[in-house]
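Encoded as structure tokens, the structure appears first; notes follow it.
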Amino acid sequence: MKVFHYINFIVIFLIIVGVCITEDIIVSKSLYEVQQRCFELEDLIDEHDDLKNMEIVLSIDNLEYRWIKDEEKLCYLVNHKSIQEIGQEIAKLKLYIADNDIAASKVSIELIKYYCHSYLHFMGANIHNVL
């Protein structure tokens, strides 16, 4: 009978480890993709001197669309309040297009990259999540 308890414990432990690893992969992939889109957006802004360029507008729209899709998945895995800053900065980017404020848009892009980088560190799988 004790063997059955040990087998149950091992199965439950492996399921929990699998869920934690899946969570880490989904969160890391989503945040890494946002970071990559920010790098591409920075290159586009450096390439053009005007935010009202169609490539930049489409890039920001694609960033926003991708973030909304990723945010829906991430809300099941992490606290929504922990990741809402990225969405707020993307919304600010859209406002900066109307004002053509390149300096402020670069600051927002840096903040998005900073948030993604810092979230990658504390949202990963660790032994505390498993326990």
For this session: Go through Asp70 and Ile26 one step at a time and tell me if the side chain to side chain contact (heavy atoms under 4.5 Å, CB included) criterion holds.
Result: CA-CA 9 Å; Asp70 287 345; Ile26 291 171; over 6 Å; no
Problem set entry | Same apolar cluster: Ile60 and Val57, side chain cutoff 4.5 Å | yes
For this session: Could you note down all residue pairs passing salt bridge (Lys or Arg N to Asp or Glu O under 4.0 Å) where residues 9-19 supplies at least one of them, sequence neighbours left out?
Result: none
Seminar exercise, completed: Here the gap from Asn62 atom CG to Glu40 atom CD, rounded to the nearest 0.5 Å, amounts to 9.5 Å
Exercise. Got a sec, which residues hit side chain to side chain contact (heavy atoms under 4.5 Å, CB included) with Tyr65, two or more places apart in sequence or on another chain?
Worked result: Lys69
Exercise. From Asp99 CG over to Leu51 CG, what is the distance, rounded to the nearest 0.5 angstrom?
Worked result: 9.5 Å
For this session: Would you check if the side chain of Ser30 reaches a backbone N or O of Val27 as a donor-acceptor pair within less than 3.5 Å?
Result: no
Exercise. What residues, two or more places apart in sequence or in another chain, satisfy side chain to side chain contact (heavy atoms under 4.5 Å, CB included) together with Ala104?
Worked result: Tyr96, Asp101
Exercise. Between atom CG of Leu93 and atom OG of Ser105, what is the distance when rounded to the nearest 0.5 Å?
Worked result: 6.5 Å
Problem set entry | Gap between atom CD1 of Ile90 and atom CD of Glu71 - 0.5 Å precision | 8.5 Å
For this session: Walk me through it: do Glu85 and Tyr119 pass the test side-chain hydrogen bond (donor to acceptor under 3.5 Å, both in side chains)?
Result: CA-CA 11 Å; Glu85 291 94 356; Tyr119 294 160; 2.4 Å; yes
Problem set entry | Interatomic spacing from CG in Leu63 to CD1 in Ile68 - rounded to 0.5 Å | 10.0 Å
Exercise. Which pairs with one or both residues in residues 30-39 pass salt bridge (Lys or Arg N to Asp or Glu O under 4.0 Å), sequence neighbours excluded?
Worked result: Glu33-Arg37, Glu33-Arg66
Problem set entry | Leu58 and Met54, any side-chain heavy atoms less than 4.5 Å apart | yes
Seminar exercise, completed: Separation between CZ (Phe13) and CG (Asn8), nearest 0.5 Å, reads 15.0 Å
Exercise. Side chain to side chain donor-acceptor pair (under 3.5 Å) with Asp61: which residues, sequence neighbours excluded?
Worked result: Lys94
With a 3.5 Å cut-off and sequence neighbours excluded, list the donor-acceptor pairs that the side chains of residues 106-114 form with protein atoms.
{"residue": "Lys106", "atom": "NZ", "partner": "Asp46", "partner atom": "OD1", "Å": "3.1"}
{"residue": "Ser108", "atom": "OG", "partner": "Glu89", "partner atom": "OE1", "Å": "2.9"}
{"residue": "Glu110", "atom": "OE2", "partner": "Lys113", "partner atom": "NZ", "Å": "3.0"}
{"residue": "Lys113", "atom": "NZ", "partner": "Glu42", "partner atom": "OE1", "Å": "2.8"}
{"residue": "Lys113", "atom": "NZ", "partner": "Glu42", "partner atom": "OE2", "Å": "3.0"}

Problem set entry | Considering all heavy atoms, the nearest Lys52-Ile97 contact | CE-O, 3.4 Å
Exercise. Backbone N or O of Glu55 within a donor-acceptor pair of the Ser59 side chain at under 3.5 Å?
Worked result: no
For this session: Measure across Ile86 and Val34 and return the closest heavy-atom pair with its distance rounded to 0.1 Å.
Result: CG2-CG1, 4.4 Å
For this session: Please report the closest heavy-atom contact between Asp50 and Ile56, naming both atoms and the distance.
Result: O-CD1, 3.4 Å
Exercise. Side chain to side chain contact (heavy atoms under 4.5 Å, CB included) between Leu44 and Phe39: does it pass, once the steps are laid out?
Worked result: CA-CA 9 Å; Leu44 283 175; Phe39 288 128; over 6 Å; no
